[in-house]
Student: 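Structure provided below as structure tokens; questions to follow.
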Amino acid sequence: KFRLPFWATSQHASSQHACGACAAMSFSCASDALAVLESPAAPAPAPYTLALGMGVRDPSARHALEMLRRHQATWMPRTWLGHLLMYQCGRSAPAWLANVSSHCVSTWPERLIHNYRLGAELLRLLYERMPHYRFYAKIDLDTIVYPEALALYLQAHAADELHYFGSIESTHRQRRVPRAHCANFGYCQPFDYAQGGFEGLSHKALRAVVTGGCFDRIGAVPCGDDKLCVWHAEDAALGVCAAMLGFQLTTCACFFPWGPCSVYNTSSCARRLCERPLSIHKVKKADWFDRWWPLGRGVSGVFSLSRGG
């Protein structure tokens, strides 16, 4: 069986940092994404390993309920994971999400291009409400997380280092701050950013982003005639923040920005799906979730919410 290594990381500024950390954890670390996974059995994750935040405008909407129930029944019940749900005030979070910290915000932008404020607020809430965790991530409602693989991945990184990690599209191009705004940002070099499905930060990196004022500086720069205005999208805004603060994105081939193959034809996943994927984004339908959850764990069959497995 072909295996794509779940830890196959590369850092655009320097891949040696990520690989060196893997080697220190007794992993065979290679930049070749086709290498075979050779690792010891994963030790139990430490308490307060990872806190995940999710923004959902209306958690009581039918589709949101379908997806949230699946999250709660599959990857969420881990004692070492923390959860935070942010939603629009006037809506309500389901009572059965009692183990999730929830918070409402009064405004929710209609246009995606202005949602950097939501991203900034979600990161602030994670930092202030869950200060004891080692790592943090912002995820979307349509993201599946594979917690045990994530825990093993995070053991290769230090929470007291500036670590920014997540998914990146294969067709992704580095962005550049418009030259007219270089002085406003204090930064003018090309930068990479994690796609919205999974944006991860170490505790030190989250503290730097939340307390460094970079989102305020981003918000102070108007879009003007720039129709793309990439720095006002929340995932790109975080990438700008990281670049302004002096740290860069570490990517991993197994944070998938979308499903790399067909869940209705699993033979199409050969040489495309990691043996241990970390996350899969753009799982838009409940039926897709029910098929991706077991497939990403190497289990045959289809997940059933009624059976819980």
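What you see is a predicted model, and the numbers here were worked out from it, not measured in a lab. Residue indices begin at 1 and follow the sequence shown.
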Student: Calculate, to the nearest 0.5 Å, the distance between atoms SG and NE2 belonging to Cys89 and His103 respectively.
Tutor: 6.5 Å
Student: Taking atom CG of Leu65 and atom CZ of Arg69, what is their separation to the nearest 0.5 Å?
Tutor: 6.5 Å
Student: Might you point out which heavy atoms bring Cys269 and Ser262 nearest each other, and give the distance in Å?
Tutor: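 Scanning both residues completely, I find the closest heavy atoms to be SG-O, 4.1 Å.
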Student: Could you label the plane-to-plane angle of the Tyr153 and Phe165 rings as parallel, tilted or perpendicular, counting under 30° as parallel and over 60° as perpendicular?
Tutor: tilted
Student: Begin with the C-alpha distance, continue with both residues' side-chain angles, and end with the deciding distance and a verdict on side-chain contact (heavy atoms from CB on, under 4.5 Å) for Met86 and Glu121.
Tutor: CA-CA 9 Å; Met86 186 177 73; Glu121 179 67 5; 3.8 Å; yes
Student: Rounded to the nearest 0.5 Å, what separation is found between the CG atom of Leu52 and the NZ atom of Lys138?
Tutor: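 So the CG of Leu52 and the NZ of Lys138 are separated by 11.5 Å.
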Student: Apply ring pair (Phe, Tyr, Trp, His ring centres under 6.0 Å) to His83 and list each qualifying residue two or more places apart in sequence or on a separate chain.
Tutor: Trp75
Student: Spell out, yes or no, whether Val299 and Leu152 are grouped together once hydrophobic residues are joined by side-chain heavy atoms under 4.5 Å, including indirect joins.
Tutor: no
Student: Assess whether salt bridge (Lys or Arg N to Asp or Glu O under 4.0 Å) is satisfied between Lys284 and Asp142, documenting all intermediate values.
Tutor: CA-CA 5 Å; Lys284 299 291 186 182; Asp142 59 351; 2.7 Å; yes
Student: Taking only residues two or more places apart in sequence, or in another chain, which ones meet Trp292 in a ring pair (Phe, Tyr, Trp, His ring centres under 6.0 Å)?
Tutor: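 Partners of Trp292 by the ring pair (Phe, Tyr, Trp, His ring centres under 6.0 Å) criterion come out as none, since no residue qualifies.
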Student: Using a 4.5 Å cut-off on heavy atoms from C-beta on, say whether the side chain of Thr143 contacts that of Ile280.
Tutor: no
Student: Under 3.5 Å, which donor-acceptor pairs do the side chains of residues 201-215 form with other protein atoms, sequence neighbours left out?
Tutor:
{"residue": "Ser202", "atom": "OG", "partner": "Glu161", "partner atom": "O", "Å": "2.4"}
{"residue": "Ser202", "atom": "OG", "partner": "His163", "partner atom": "N", "Å": "3.1"}
{"residue": "Ser202", "atom": "OG", "partner": "Ala205", "partner atom": "N", "Å": "3.2"}
{"residue": "His203", "atom": "ND1", "partner": "Arg207", "partner atom": "NH1", "Å": "3.3"}
{"residue": "His203", "atom": "NE2", "partner": "Pro131", "partner atom": "O", "Å": "3.1"}
{"residue": "Thr211", "atom": "OG1", "partner": "Arg207", "partner atom": "O", "Å": "2.6"}

Student: If only atom types and distance count, is the side chain of Ser102 paired as donor or acceptor with the main-chain N or O of Leu85 below 3.5 Å?
Tutor: no
Student: Measure the shortest side-chain to side-chain distance between Arg78 and Glu148 over non-hydrogen atoms and say whether it is less than 4.5 angstrom.
Tutor: yes
Student: Once rounded to the nearest 0.5 Å, what's the spacing between atom CG of Leu273 and atom CZ of Phe256?
Tutor: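 Atom-to-atom, Leu273:CG and Phe256:CZ are 5.0 Å apart.
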Student: Which heavy-atom pair separates Met130 from Tyr136 by the least distance, and what is that distance?
Tutor: O-OH, 2.5 Å
Student: Give, for atom CG of Leu162 and atom OG1 of Thr250, the distance between the pair rounded to the nearest 0.5 Å.
Tutor: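 So the gap between those two atoms works out to 10.5 Å.
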Student: Set out, in order, the CA-CA distance, both residues' side-chain angles and the distance that settles side-chain hydrogen bond (donor to acceptor under 3.5 Å, both in side chains) for Arg134 and Thr49, then state yes or no.
Tutor: CA-CA 5 Å; Arg134 300 177 61 243; Thr49 292; 4.9 Å; no
Student: Do Glu128 and Arg124 meet the salt-bridge criterion of a basic N to acidic O distance under 4.0 Å?
Tutor: yes
Student: Decide side-chain contact (heavy atoms from CB on, under 4.5 Å) for Glu234 and Leu118; before the verdict, give the C-alpha distance in whole Å, the side-chain angles of both, and the deciding distance to 0.1 Å.
Tutor: CA-CA 7 Å; Glu234 57 87 15; Leu118 288 179; 5.9 Å; no
Student: Considering only heavy atoms from C-beta outward, does the side chain of Tyr116 approach that of Leu238 to under 4.5 Å?
Tutor: no
Student: Going by the angle between their ring planes, with limits at 30° and 60°, are Phe198 and Phe255 parallel, tilted or perpendicular?
Tutor: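 Correct class here is tilted.
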Student: What residues form a side chain to side chain donor-acceptor pair (under 3.5 Å) with Arg70, not counting sequence neighbours?
Tutor: Asp290
Student: Could you pull out the closest heavy-atom pair between Ser167 and Pro257, with the gap in Å?
Tutor: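 So the two residues come closest at CB-N, 4.1 Å.
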Student: Looking at residues at least two apart in the chain, or sitting in another chain, which of them share a ring pair (Phe, Tyr, Trp, His ring centres under 6.0 Å) with Tyr48?
Tutor: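 Per chain and number, Tyr48 pairs via ring pair (Phe, Tyr, Trp, His ring centres under 6.0 Å) with Tyr133.
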Student: Looking at Ser60, is its backbone amide N or carbonyl O close enough to the side chain of Asp58 to form a donor-acceptor pair, meaning the two atoms are under 3.5 Å apart?
Tutor: yes
Student: side-chain contact (heavy atoms from CB on, under 4.5 Å) for His281 and Asp140? Distances and angles first, verdict last.
Tutor: CA-CA 8 Å; His281 186 214; Asp140 287 348; 3.1 Å; yes
Student: Please check this pair: side chain of Asp235 against backbone of Gln195, looking for a donor-acceptor N/O pair closer than 3.5 Å.
Tutor: no
Student: For the residue pair Phe135 and His157, what are the closest heavy atoms and their distance?
Tutor: CZ-O, 3.4 Å
Student: Apply the test side-chain contact (heavy atoms from CB on, under 4.5 Å) to residues Arg297 and Tyr146: give CA-CA distance (whole Å), side-chain angles for both, the deciding distance (0.1 Å), then the verdict.
Tutor: CA-CA 8 Å; Arg297 296 161 58 236; Tyr146 296 95; 3.7 Å; yes
Student: Walk me through it: do Asp192 and Tyr164 pass the test side-chain hydrogen bond (donor to acceptor under 3.5 Å, both in side chains)?
Tutor: CA-CA 11 Å; Asp192 290 294; Tyr164 167 42; over 6 Å; no
Student: Donor-acceptor check, side chain of Gln72 to backbone of Trp96, threshold 3.5 angstrom: yes or no?
Tutor: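 Yes, the answer is positive, given that a donor and an acceptor are paired below the 3.5 Å cut-off.
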Student: Would you please name every residue forming a side-chain contact (heavy atoms from CB on, under 4.5 Å) with His63, sequence neighbours left out?
Tutor: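 Only Glu66, Met67, Leu141 meet the side-chain contact (heavy atoms from CB on, under 4.5 Å) criterion with His63.
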Student: Has Tyr193 got a side-chain atom pairing as donor or acceptor with Cys241's backbone, closer than 3.5 angstrom?
Tutor: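 Between the backbone of Cys241 and the side chain of Tyr193 there is no qualifying donor-acceptor contact (under 3.5 Å).
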Student: State, to 0.1 Å, how close Pro277 and Ala149 come at their nearest heavy-atom pair, and which atoms those are.
Tutor: O-CB, 3.6 Å
Student: To the nearest 0.5 Å, what is the distance between CE on Met244 and CZ on Arg217?
Tutor: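 Taking CE in Met244 and CZ in Arg217, the distance rounds to 3.5 Å.
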Student: I need the minimum non-hydrogen distance between Phe303 and Ala73, along with the two atoms involved.
Tutor: CZ-CB, 4.0 Å
Student: Can you tell me if Thr266 uses its side chain to pair, donor with acceptor, with the backbone of Val263 under 3.5 Å?
Tutor: no
Student: Does some side-chain heavy atom of Pro59 sit less than 4.5 Å from a side-chain heavy atom of Pro94?
Tutor: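 Heavy-atom side-chain distance check passes, below 4.5 Å.
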